[in-house]
Number of protein chains: 2
Amino acid sequence: MENRAAIKKCPLFAGVTDQDLDRLEEVCRRRELSKGEVLFSQGEPAVGFYVVTDGKIKIYKLSPDGKERILHIVHEGESFAEAAIFADGLYPAFAESVSPAAVLFFPKKEFLNLLKEHSQIPINMIAGLSRFLRQFATQIEDLTFKDVPARLARYLVDLAGDEAETIQLPISKSQLASRLGTVSETLSRTLRKLSDDDLIRVRGKDIDILDRDRLEDLAESTRESF
Amino acid sequence: MENRAAIKKCPLFAGVTDQDLDRLEEVCRRRELSKGEVLFSQGEPAVGFYVVTDGKIKIYKLSPDGKERILHIVHEGESFAEAAIFADGLYPAFAESVSPAAVLFFPKKEFLNLLKEHSQIPINMIAGLSRFLRQFATQIEDLTFKDVPARLARYLVDLAGDEAETIQLPISKSQLASRLGTVSETLSRTLRKLSDDDLIRVRGKDIDILDRDRLEDLAESTRESF
DNA sequence: TAAAATCTTTGATCGAGATCAAAATTGTTA
DNA sequence: TAACAATTTTGATCTCGATCAAAGATTTTA
């Protein structure tokens with residue numbers, strides 16, 4: 001995707017004037033990534049934030065013994081690490097490409113200058129951060145109240161939307177396991193269980209939704225309820 | 001606490017001009033709460049946000065079968081639900097006083113008007129949301145990687161700061177259990193274990209830190225590491 | 001200050017899901 | 001397309017922490 005196109009598509013910059021878009025385009029720097037490149041590590045000074053123009057970036061934490069917990073996967077047109085240039089100024093997680101990718105880097109200083117002059121961008125940022133905060137709150141809720149089948153069902157239902165009969169996982173199964181707060185063995189068994197119960201059919205990354213209603217019920221269910 | 005004092009103390013309003021403080025003071029409405037009053041429920045339209053002038057407010061989620069998971073406890077001088085007036089405009093959780101309390105309510109509409117005119121407040125908001133986002137990310141990380149003893153140790157170490165030898169729990173033990181993503185029985189047993197190991201001494205709500213180093217180690221430790 | 005209500009602790013049991021190990025499948029590269 | 005690497009699946013075991021039940025302890029209210 002072109003730089004300008006990516007900037008225009010990014011919700012963070014929705015509704016800003018064309019001349020602001022010009023300035024944004026000037027201050028950013030493009031970087032191409034092959035799969036598996038680490039953009040930044042947890043604890044590094046946050047020198048700026050990013051917008052994804054191509055590919056996908058995973059945002060994750062590492063346990064001391066090296067286990068990975070994906071917090072979020074950033075897709076084309078989305079931004080990440082805007083929050084990091086506020087707060088204590090350190091990146092709070094790792095960012096790494098999970099495919100060949102390209103990003104636009106916006107240096108902290110130039111961006112903060114822009115912020116002070118105009119008022120649409122900060123409001124967009126607040127809205128974006130709010131959505132994220134809500135999503136994280138939901139993740140905390142789910143980790144506490146829901147078991148793996150329910151968390152998986154929620155993920156599948158959300159991915160399918162209202163219409164789709166068949167969905168394709170946008171990420172690998174081991175990544176999905178990490179995103180759901182479990183491990184690939186358990187995810188594998190859970191997918192099989194849902195298949196055996198005729199809720200879904202799994203063909204590699206393609207998953208047919210066979211019984212949306214029961215899948216919804218499962219997503220709402222809590223640990224002990226059945 | 002006086003309205004004006006609470007507004008001045010609130011990080012959200014740090015660095016704003018005196019005349020803006022005047023306007024804020026005008027648009028807000030004070031509300032006194034006895035213990036256990038519900039300020040808003042999950043799913044209600046977000047008509048404004050709050051600043052706590054006295055007492056404490058718990059922000060929590062409920063599972064379908066009524067189990068409570070505390071996401072955050074708001075203390076005097078802090079704000080909450082600013083994020084909710086953005087995003088989809090619904091409160092994403094419940095808010096309830098855990099003691100007699102008083103809050104200032106800022107209606108959404110008036111506040112958004114103010115936002116558009118000035119630039120310090122949105123920046124403060126972004127900073128606040130960023131900190132929150134980070135805290136939530138850490139909670140997700142801890143729920144995934146850390147067992148209950150480690151999560152408790154982290155809580156105690158953070159509460160104690162660098163100096164204090166003795167701390168007092170600012171909330172009840174069952175609330176703490178919920179905040180840590182466990183139940184009171186498990187918290188009770190875990191406190192006892194830490195006592196038996198001479199890491200802490202528990203006298204009701206007062207807790208002596210006996211061995212800060214080992215407590216820190218425990219907070220860093222992951223599930224299987226010993 | 002008695003008694004009612006709430007909170008905390010202790011005991012016993014049980015299950016979801018992590019771990020370890022290994023086989024099977026899929027994807028990649030020479 | 002053979003050979004290598006990476007991912008996914010299956011099997012067996014084991015543990016943390018939830019649940020259920022009940023007894024103490026503390027706080028509130030009459």
Side-chain angles (χ1 to χ4, degrees), chain A residues 34-36 58 63 65-70 98-100 142-153 168-169 171-196 200-207 218 221-226, chain B residues 34-36 58 63 65-70 96 98-100 142-153 168-196 200-207 218 221-226:
Chain A
S34 51
K35 179 182 171 179
K58 68 177 172 188
S63 71
D65 54 321
K67 254 177 305 178
E68 178 180 304
R69 171 64 159 89
I70 295 178
V98 295
S99 63
D142 288 354
L143 281 170
T144 310
F145 291 140
K146 308 232 177 115
D147 56 18
V148 173
R151 303 208 292 270
L152 173 59
Q168 188 176 41
L169 296 180
I171 51 180
S172 77
K173 285 179 181 171
S174 47
Q175 279 166 8
L176 176 56
S178 174
R179 169 58 243 285
L180 295 177
T182 183
V183 294
S184 39
E185 295 96 320
T186 298
L187 175 61
S188 177
R189 281 182 247 269
T190 308
L191 281 168
R192 159 164 288 279
K193 184 143 53 96
L194 299 194
S195 295
D196 291 347
I200 59 175
R201 178 168 38 203
V202 181
R203 290 173 287 109
K205 289 199 159 192
D206 296 314
I207 296 183
L218 181 58
S221 73
T222 45
R223 295 198 124 85
E224 77 277 28
S225 60
F226 82 107
Chain B
S34 51
K35 179 181 171 180
K58 67 177 171 188
S63 71
D65 55 321
K67 254 176 305 180
E68 178 181 305
R69 172 63 159 92
I70 295 178
E96 180 184 327
V98 295
S99 63
D142 288 354
L143 281 170
T144 310
F145 292 139
K146 309 235 176 111
D147 56 20
V148 173
R151 303 208 292 271
L152 172 59
Q168 189 176 40
L169 296 180
I171 51 180
S172 77
K173 285 179 182 171
S174 47
Q175 280 166 7
L176 177 56
S178 174
R179 170 57 244 285
L180 295 177
T182 184
V183 294
S184 38
E185 295 96 319
T186 298
L187 175 61
S188 177
R189 281 182 247 270
T190 308
L191 281 169
R192 159 163 287 280
K193 184 142 54 94
L194 299 195
S195 295
D196 290 347
I200 60 175
R201 178 169 37 202
V202 181
R203 289 173 289 111
K205 289 200 158 188
D206 296 314
I207 297 183
L218 181 57
S221 73
T222 46
R223 293 199 126 83
E224 77 278 28
S225 60
F226 81 107

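The chains referred to below are lettered A, B, ... by the order of the sequence lines, with proteins before strands, and numbering in each begins at 1. Everything numeric here is computed off the predicted structure, so don't read it as measured data.
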> Pick the nucleotide of DNA chain D nearest each of B/P149 and B/K35; which residue has the one closer to the 5' end?
Replying inline: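 That would be B/P149.
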Could you state the atom-to-atom distance from [atom1] of [X] to [atom2] of [N] in whole Å?
{"X": "B/I207", "N": "C/dT8", "atom1": "CD1", "atom2": "C1'", "value": "13 Å"}
{"X": "B/E185", "N": "C/dT9", "atom1": "CD", "atom2": "P", "value": "11 Å"}
{"X": "A/K193", "N": "C/dG17", "atom1": "NZ", "atom2": "C1'", "value": "10 Å"}
{"X": "A/F145", "N": "D/dG17", "atom1": "CZ", "atom2": "C1'", "value": "16 Å"}
{"X": "B/L187", "N": "D/dA18", "atom1": "CG", "atom2": "C1'", "value": "14 Å"}
{"X": "A/K67", "N": "C/dT19", "atom1": "NZ", "atom2": "C1'", "value": "9 Å"}
{"X": "B/L152", "N": "D/dC16", "atom1": "CG", "atom2": "C1'", "value": "15 Å"}
{"X": "A/I171", "N": "D/dT8", "atom1": "CD1", "atom2": "C1'", "value": "15 Å"}

Measure from the side chain of [X], starting at C-beta and using heavy atoms only, and say which of [options] lies closest.
{"X": "A/V148", "options": "D/dG17, D/dT9, C/dG17", "result": "C/dG17"}
{"X": "A/S188", "options": "C/dT19, D/dT10, D/dA21", "result": "D/dT10"}
{"X": "B/R189", "options": "C/dT9, C/dA18, C/dT10", "result": "C/dT10"}
{"X": "B/D147", "options": "D/dC16, C/dT19, C/dA16", "result": "D/dC16"}

Can you name the nearest heavy-atom pair linking [X] to [Y], along with the distance?
{"X": "A/V98", "Y": "A/Q175", "answer": "CG1-NE2, 3.4 Å"}
{"X": "B/L143", "Y": "B/L180", "answer": "CD2-O, 4.3 Å"}
{"X": "A/K67", "Y": "B/F145", "answer": "O-CZ, 3.2 Å"}
{"X": "B/V183", "Y": "B/A177", "answer": "C-CB, 3.5 Å"}

>> Once rounded to the nearest 0.5 Å, what's the spacing between atom CD of B/E68 and atom OG1 of A/T144?
In response: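 One gets 12.0 Å once the value is rounded to the nearest 0.5 Å.
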side-chain N/O [X] vs [N] OP1/OP2, d < 4.0 Å:
{"X": "B/K205", "N": "C/dT8", "result": "no"}
{"X": "B/T186", "N": "D/dA18", "result": "yes"}
{"X": "A/T182", "N": "C/dA18", "result": "yes"}
{"X": "A/R192", "N": "D/dT10", "result": "yes"}

> Tell me, do B/L218 and B/L194 make a side-chain contact under 4.5 Å, heavy atoms counted?
Replying inline: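 SC-SC contact between B/L218 and B/L194 confirmed.
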> In residues 172-179 of chain A, which ones come under 4.0 Å of DNA chain C, going by heavy atoms?
Replying inline: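 None, since no heavy atom is under 4.0 Å.
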> Judged by atom type as modelled, is there a donor-acceptor pair below 3.5 Å linking the side chain of B/S178 to the main-chain atoms of B/I70?
Replying inline: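 A pair under 3.5 Å: yes.
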